Amino acid sequence: MMDALFSAWSTSRPLRLSDKLWRIHWPVLLTACLLAGIGTATLYSVSGGSFQPWAERHTLRFLVMLGIVVAMATVRLEVWMKLAYPAYLAALAMLALVPFAGSEALGAKRWIDIGPISFQPSELMKLALVAALARFYFQLPPEKIGKPQYVLAPLVLIGVPVFLTMQQPDLGSACLFVALGLALMFLAGVPLRYFALGGLITIASLPVIWSGMHDYQKRRVEVFINPGMDPLGSGYHITQSKIALGAGGVAGKGFMQGTQSQLDFVPEKHTDFIASIIGEEWGFKGMLVLIAIYALLILMMMIMAQRCENRFARLAIAGSATTFFLYVFFNLAMVTGLVPVVGIPLPLVSYGGTSMTTLMIGLGLAMSAYVHGRAAGR
Amino acid sequence: MTETSNGDRRQLDQFTRRSLLLGGVQAAGLGLVGWRLFDLQVMGAHRYGPLAENNRLNLQVVAPKRGRILDRSGRVLADNEQVFRVTITPAIAKNVGGVLRRVSRILPLTDDEIAKIVARARKQGRNVPTTVASDLSFEQVAHLNLAAPSLPGINTEFALRRRYLGGSALCHVVGFVGSVERFTIDDDAVARLPEMRIGKSGAELGFDGDLRGAGGTQKVEVDARGRVVRNLETVDPVAGRDVTLTIDSELQRLVGDRLQSGASAAAAVLVDIQTGGIVVMASAPGFDPGAIAGGITAADWQKLAQSEDKPLLNRAVAGQYAPGSTFVVVTALAALEAGVLSPGERIVCHGEYEYRGDVYRCSKREGHGSLSLHEAISSSCEVFFCEVAARLGIARLSAAARALGLGATWNFGLSEEKSGLVPDPDWKRGNLNSAWLGGETLLTGIGQGYVQATPLQLAVMTARIASGRSVVPQLEKRDGISGFVPLGFSEAHVDAVRQGMAAAVNEQGGSAEEAKLGAGRPVVAGKTGASKMFIGYEPAETPRYAIATVVERGNASAALLARDILNFAVDRADHAGGKSPQGGGVSPTGDDTGKAG
């Protein structure tokens, strides 16, 4: 059945490698390079004008991942389609294993160690969820999309990892899964009445969710509402981050001149709170430029999705774009105190290998979809 | 393809419509963030700007003062000293070199050093303070503060540094502190402080929870130059609790010197039998704890950690040794309790013992001849105890060893504590995956083979035999320790073993004669394990101290080592006012006395 589906859209003649490279959306990759460069410059500034310990490794990591993106773009789309469900199941199995095999960091178990490598299964799940949902809707005939049982199935695909990450507990990832999954269902064409119904149910069940949260999660929400009640804990992060942003003003203090960040007032300044450094040193203007670059990247990817005929390709690209958006939005909202501290980094700018890997592999998947998901000549 | 193209077209249109909607939501989301940034950075600049620029509100975490470690009579073994250092912040100083040259009138700074500091400061951000000098005297700090108006960017600060007053003799028991390796807890601001130190070994680690205390906070207003304008609110840190050890540091220092002089690697433990208090816990070689606390270089640390004679190892609790013939007191007691041996029974030693085709040799090749238990302990006859162990079996032997404290840890405050090993068939099946052999019971019976014990365990075992009670070791001095519960062995049986141990030290030809304290001094009872080990207690009639000594390397005699340590202890007790319970050295116990003189 799959072969029949493939033949319905695949091009008449196979693409040569040079065709594939030609078909890559290079402006998107250039924008990614720009973002990684902003990351390098900021990390250089944060470490007091030094490429150590972060800026150099950040750059190298990005360049390696850029090579992987290009390599992924040349891999036929069928490969990713065949991998979608197995990858999802593998990610699910690893998520389920975390409570037993995971190592504990910062009071929550999120990491799995395999030999010398340790990684977060929840990161892998972000990719696998996009692929699995795209794969599901690829096979589902359009007239069935609105049937209740076919609405329930993707909800289960989303719900199981959400449940598992809540156990870890990793509220940030759980929220991300929900938002990502719902966005893909929306794009796939699930009738709007289901979303309205879902919204009502969520509002009604808020008290239940609150009572099911861990104490530290509740405390973070409470501290978010009233930062003064925990001036040294997560409230401190938000307060100092806000002061850093405010001190930057419109024009910023200039590169390497931010006192809030340089003087160590802002914790996690090289990872989750890196935006407050950018805001202090480059001001409101700099932040607008940064948001514009992200908006441009997401817009270009959404346009990429429109140009594909293959439904898997469309959803994979749109899913990858939405992942970017969710990271950017939640990170900036956290740094500006709009949402509680959830531990989501700023894509390609924050220091850290796991999120960089997730986002770049997502980009690679999108690029492969873009290269192979269009009819010849388009 | 043409059939589906209509549906595809509809699908694609719907996808595009929904993409536009989703894009709208995303744009709204980014717009929300942008509006928020506008609010914070443009509208709020006048509010937040001053906070960061002119009068920054700075919430500083204040590290708690670490509790002291004291010995049993209140002598300080570890406390904190204030050290001053001076830093310079380039952004405030503007001309770093010029300011430093003015500083060099107060501090001895060469032009070379100034150039180095300037170069170092240039590599960092302009707002990051660079250390100019540490370990300043109080006068230097006072001068610097006096000259402060002409020294922009210069800041003096003080930190507490751990100081060890016990020297290397107490290095293992007291241990040392080090920096926090990683932020163990998400919101633990105190652990994040660069000057925070936590226990890494010894009592510093074992009692870390008591010693550490809780951090405080200080809300201060800082001016544009980074100087504190005023304190707004202070929550004082809670200092850590002082921990008083049962160790007698004077005695331990004597013991430490004695260990260093006689052997290249050795350990000694002296336990107060009434309270279980560890009076001496010495291990050689040692190290200089002050050097570690003062900031040891990575190379020096590696040298210390990888040194072949393992100076960092506390051999008294973490050295595990085959107890050898000291273990026969366990075998003897177990056999008497099990009824497989009667106190008066005689066994003949021909110099070797044959068991299922294997031959076990006695230390005396020509044989001891006919022996009672009393004589067998006194002369340390292996053949006698091979026969006894064969009658007894491993189950009853290992049960008695455990009842006497072998194979156990007590969690009394040193996390280095090792459990040693009391082997039995279950252990062998689980760990070596093979069946227990009868010959291994014999080996265990004379303290060879798999059985292992730490010097502390041997001292506790001795204390338990001496008192007949289940003595538990203590490292922290506590008031009101009531008597330990009886072990449950028959008093007559335990006494038979004690008599054998008294004979080993005091009778003519006894194997532990070297441990005799000398005329007019308390009578010692004891047992050797070759020349490398000794266990014993004194005085024999009213036991006060139990001792175990182990010589791992070097040709010192463990019994002589124990004699000297017990002599130190007796002298110390006499100095302390003669409250010691020993009765002047005349033992009323029958024929032992006659030969002891």
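Side chains included, hydrogens not; waters and symmetry mates left out as well; all remaining heavy atoms used. Small disclaimer: the values here were computed from a predicted structure and weren't measured. Per chain, numbering begins at 1; letters A, B, ... match sequence-line order.
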Task: B:Gln41 side chain to A:Val250 backbone, donor-acceptor under 3.5 Å - done: no
TODO: Taking heavy atoms only and a threshold strictly under 4.5 Å, list by residue number the residues of residues 320-330 of chain A that touch chain B; give 'none' if the list is empty.
DONE: A:Thr322, A:Phe325, A:Val328, A:Phe329
Task: Contact origin within A:Ala188 toward chain B - heavy atom pairs under 4.5 Å - done: backbone
TODO: Give a yes or no answer on whether the side chain of B:Arg18 reaches the backbone of A:Val190 with a donor-acceptor pair at less than 3.5 Å.
DONE: yes
Open item on the list: Looking at every heavy atom in both A:Ala333 and B:Val33, which two are closest together, and how far apart are they?
Closed with: N-CG2, 4.3 Å
Open item on the list: If the condition is salt bridge (Lys or Arg N to Asp or Glu O under 4.0 Å), which residues does B:Arg241 pass it with, not counting sequence neighbours?
Closed with: B:Asp210, B:Glu476
- [ ] Decide side-chain contact (heavy atoms from CB on, under 4.5 Å) for B:Phe15 and A:Leu315; before the verdict, give the C-alpha distance in whole Å, the side-chain angles of both, and the deciding distance to 0.1 Å.
- [x] CA-CA 9 Å; B:Phe15 181 76; A:Leu315 287 177; 4.0 Å; yes
TODO: For the residue pair B:Leu21 and A:Phe186, establish whether any side-chain heavy-atom pair is separated by less than 4.5 Å.
DONE: yes
Open item on the list: Does any backbone or side-chain atom of A:Leu299 lie under 4.5 Å from a heavy atom of chain B? Answer side chain, backbone, both or neither.
Closed with: neither
- [ ] List in chain and number order the residues that pass ring-ring contact (aromatic ring centres under 6.0 Å, His included) with A:Tyr194, two or more places apart in sequence or in another chain; answer none if no residue qualifies.
- [x] none
Open item on the list: Restricting to ring-ring contact (aromatic ring centres under 6.0 Å, His included), what partner residues turn up for B:Trp301, sequence neighbours left out?
Closed with: B:Phe176
TODO: Using a 4.5 Å cut-off on heavy atoms from C-beta on, say whether the side chain of B:Phe38 contacts that of A:Leu288.
DONE: no
Task: B:Leu37 vs A:Ile291, side-chain contact (heavy atoms from CB on, under 4.5 Å): CA-CA, chis, key distance, verdict - done: CA-CA 11 Å; B:Leu37 283 167; A:Ile291 292 175; 3.8 Å; yes
Task: Contact class of B:Gln26 relative to chain A, heavy atoms under 4.5 angstrom - done: both
TODO: Decide yes or no for A:Met302 and B:Leu22: does some side-chain heavy atom of the first lie under 4.5 Å from some side-chain heavy atom of the second?
DONE: yes
- [ ] Counting only heavy atoms closer than 4.5 Å, note whether A:Ile303 contacts chain B via side chain, backbone, both or neither.
- [x] neither
Task: Distance, nearest 0.5 Å, that separates OG1 of A:Thr336 from CG of B:Asp39 - done: 10.0 Å
TODO: Under 4.5 Å heavy-atom distance to chain B, tell me which part of A:Ala318 shows up: side chain, backbone, both or neither.
DONE: side chain
